[in-house]
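What follows is a set of notes on a single structure, which appears directly below.
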Amino acid sequence: MHRAIVEIVFLTVVGLCFWLLVCLIVGTPEPWDASLYWKAAYPISVLLAGAIGFRMAH
């Protein structure tokens with residue numbers, strides 16, 4: 001149970017950092033406001049989610 005909580009907190013921090021990084025790079029308050037969202041940020045987030053899902057034990 002303890003490991004699951006650590007994983008959830010870690011993944012939440014990773015997601016928030018990715019969100020903030022995209023916002024800082026493209027200079028918009030929301031990632032989907034950027035023109036590169038569908039061409040770069042969204043595919044990267046899908047790959048990141050797939051890698052995390054593959055890596056998770058359960």
Side-chain angles (χ1 to χ4, degrees):
M1 182 69 151
H2 183 316
R3 182 177 179 190
I5 293 171
V6 172
E7 287 176 348
I8 290 169
V9 171
F10 174 74
L11 294 175
T12 301
V13 170
V14 168
L16 289 172
C17 288
F18 180 73
W19 180 283
L20 292 172
L21 182 66
V22 171
C23 289
L24 289 173
I25 289 172
V26 297
T28 61
E30 303 288 340
W32 51 76
D33 291 339
S35 61
L36 287 177
Y37 177 72
W38 294 107
K39 296 176 186 172
Y42 186 76
I44 291 170
S45 67
V46 169
L47 291 173
L48 184 61
I52 291 169
F54 181 75
R55 182 92 169 113
M56 297 291 287
H58 52 285

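The structure displayed is predicted, hence computed values, not measured ones. Numbering starts at 1 and runs along the sequence shown.
Put simply, the side chain of Leu48 reaches to within 4.5 Å of the side chain of Val14, judged on heavy atoms.
Evaluation of the side chain to side chain contact (heavy atoms under 4.5 Å, CB included) rule for Ser35 yields no partner, not counting sequence neighbours. With sequence neighbours excluded, the residues satisfying side chain to side chain contact (heavy atoms under 4.5 Å, CB included) with Leu11 are Ile52, Met56. For Trp32, the side chain to side chain contact (heavy atoms under 4.5 Å, CB included) test picks out Trp19, Glu30, Tyr37, with sequence neighbours left out.
When every heavy atom of Pro29 is checked against every heavy atom of Cys23, the shortest pair comes out as O-SG, 3.5 Å.
Side-chain heavy atoms closer than 4.5 Å link hydrophobic residues (I, L, V, M, F, W, Y) into clusters, and following such links, even through other members, never connects Leu16 to Phe10. Under the 4.5 Å side-chain heavy-atom criterion for ILVMFWY residues, a single connected hydrophobic cluster contains both Ile44 and Val26.
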